[in-house]
Undergrad: 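Quick one: the structure is below, questions incoming.
Counting convention: from 1, in listed order, for ligands and their atoms alike. Bear in mind the structure is a predicted one, so any value in this text is a computation, not a measurement.
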Amino acid sequence: MKLHASLIAAACALALSACGGGSDEQASTPASATTPAADPAAAPATGTGAQQTPAADPAPMDGGAATPADGADAAAAGAGPDTAAAGTAAAGDASGEATVTGCSVDVSGNDMMRYDVSSITIPSSCSEFTINLTHVGRLPEAAMGHNVVVTSEADMAAVAADGISAGAEAGYVKPNDDRVIAATDMIGGGESTSVTFEVSKMEAGGTYRFFCSFPGHAALMNGTIRIG
Ligand code: CO
């Protein structure tokens, strides 16, 4: 029996138009044709259109995929804004935006190789800006040194690399590096330091980064700094 079914299926597969398509059309056509007598002209047209639509969908896979995606978007449109709003709110809470007081900000670094903030906005009214860094950990500078270096986003990687080359004696910041907008001393657990710089070194709307130039730290210890 199964063999027969397989053979029939295979035969149908070889002659899809004759088997499946033909019988289906014949099965549905009478049903729809029964109802509207004037529709036959429109019914076939609709049928043809419906057949062409799925036929056209597989051809452009992107289009085919986009169609259900659009449908899903439309269906989830109600939940979309809620999700987005929740995401925005969560991002805001977790953004680590530093509290700027006047024209200065307090930043801390810990023994877990982390700053306590990930975003600093300098008030546009400030001509100078001060970054106060406190190492709240206990590890010594040689093992878990932290500093704060400010550069453009584009310069960050190269400045960090050159800092490592400059070595510990240079505080892992290349001396007289014009790309460095500001840099604190390198400190260890329990220590504090600060740096004040001219905000005019930064452009409003520019993308800048602050990071720790201790070898291996910049990947985790970095954040955005901009003029608000
Ligand atoms: Co560090």
Side-chain angles (χ1 to χ4, degrees), residues 87-88 90-124 126-228:
T88 301
D93 294 339
S95 70
E97 179 68 35
T99 299
V100 171
T101 303
C103 292
S104 70
V105 67
D106 293 336
V107 176
S108 69
N110 62 22
D111 282 344
M112 302 297 286
M113 207 188 302
R114 294 283 189 176
Y115 288 130
D116 65 332
V117 298
S118 60
S119 179
I120 299 171
T121 302
I122 300 172
S124 58
C126 296
S127 57
E128 290 187 332
F129 192 72
T130 299
I131 298 175
N132 300 308
L133 172 66
T134 299
H135 191 319
V136 297
R138 303 180 66 176
L139 295 173
E141 178 184 337
M144 185 58 68
H146 296 322
N147 66 357
V148 173
V149 179
V150 178
T151 69
S152 70
E153 170 128 48
D155 287 338
M156 174 179 156
V159 168
D162 289 348
I164 292 172
S165 297
E169 290 186 3
Y172 295 110
V173 176
K174 179 183 173 184
N176 304 315
D177 190 333
D178 289 338
R179 298 167 298 178
V180 174
I181 294 167
T184 70
D185 290 337
M186 188 70 68
I187 59 174
E191 299 178 324
S192 294
T193 187
S194 68
V195 63
T196 297
F197 60 97
E198 301 287 336
V199 176
S200 60
K201 292 181 177 179
M202 298 170 62
E203 294 179 5
T207 304
Y208 300 87
R209 288 258 163 193
F210 66 93
F211 61 94
C212 176
S213 65
F214 190 91
H217 285 201
L220 285 176
M221 299 186 75
N222 74 83
T224 60
I225 181 168
R226 64 188 182 85
I227 298 174

Undergrad: Could you state the interatomic distance from CZ (Phe214) to CD1 (Ile187), rounded to the nearest 0.5 Å?
TA: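 With rounding to 0.5 Å, CZ (Phe214) is 12.5 Å from CD1 (Ile187).
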Undergrad: Can you list the steps and then say if Asp116 with Val136 is a side-chain contact (heavy atoms from CB on, under 4.5 Å)?
TA: CA-CA 10 Å; Asp116 65 332; Val136 297; over 6 Å; no
Undergrad: Does the side-chain contact (heavy atoms from CB on, under 4.5 Å) test come out yes or no for Glu191 and Leu133, once each step is laid out?
TA: CA-CA 9 Å; Glu191 299 178 324; Leu133 172 66; over 6 Å; no
Undergrad: Could you name all protein N, O or S atoms found under 2.8 Å from the Co ion (ligand 1)?
TA: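 Checking every protein N, O and S atom gives Gly145 O, His146 ND1, Cys212 SG, His217 ND1.
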Undergrad: Arg179: which residues meet the salt bridge (Lys or Arg N to Asp or Glu O under 4.0 Å) condition with it, sequence neighbours left out?
TA: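 Expected list: Asp162, Asp177.
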Undergrad: Would you say Glu203 has more than 12 foreign heavy atoms packed within less than 6.0 Å of its CD?
TA: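 Not buried by this count: 12 neighbours or fewer within 6.0 Å.
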Undergrad: Quick one: does Asn147's side chain have a donor or acceptor within less than 3.5 Å of a partner on Ser213's backbone?
TA: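 Judged by distance alone, yes, a pair lies under 3.5 Å.
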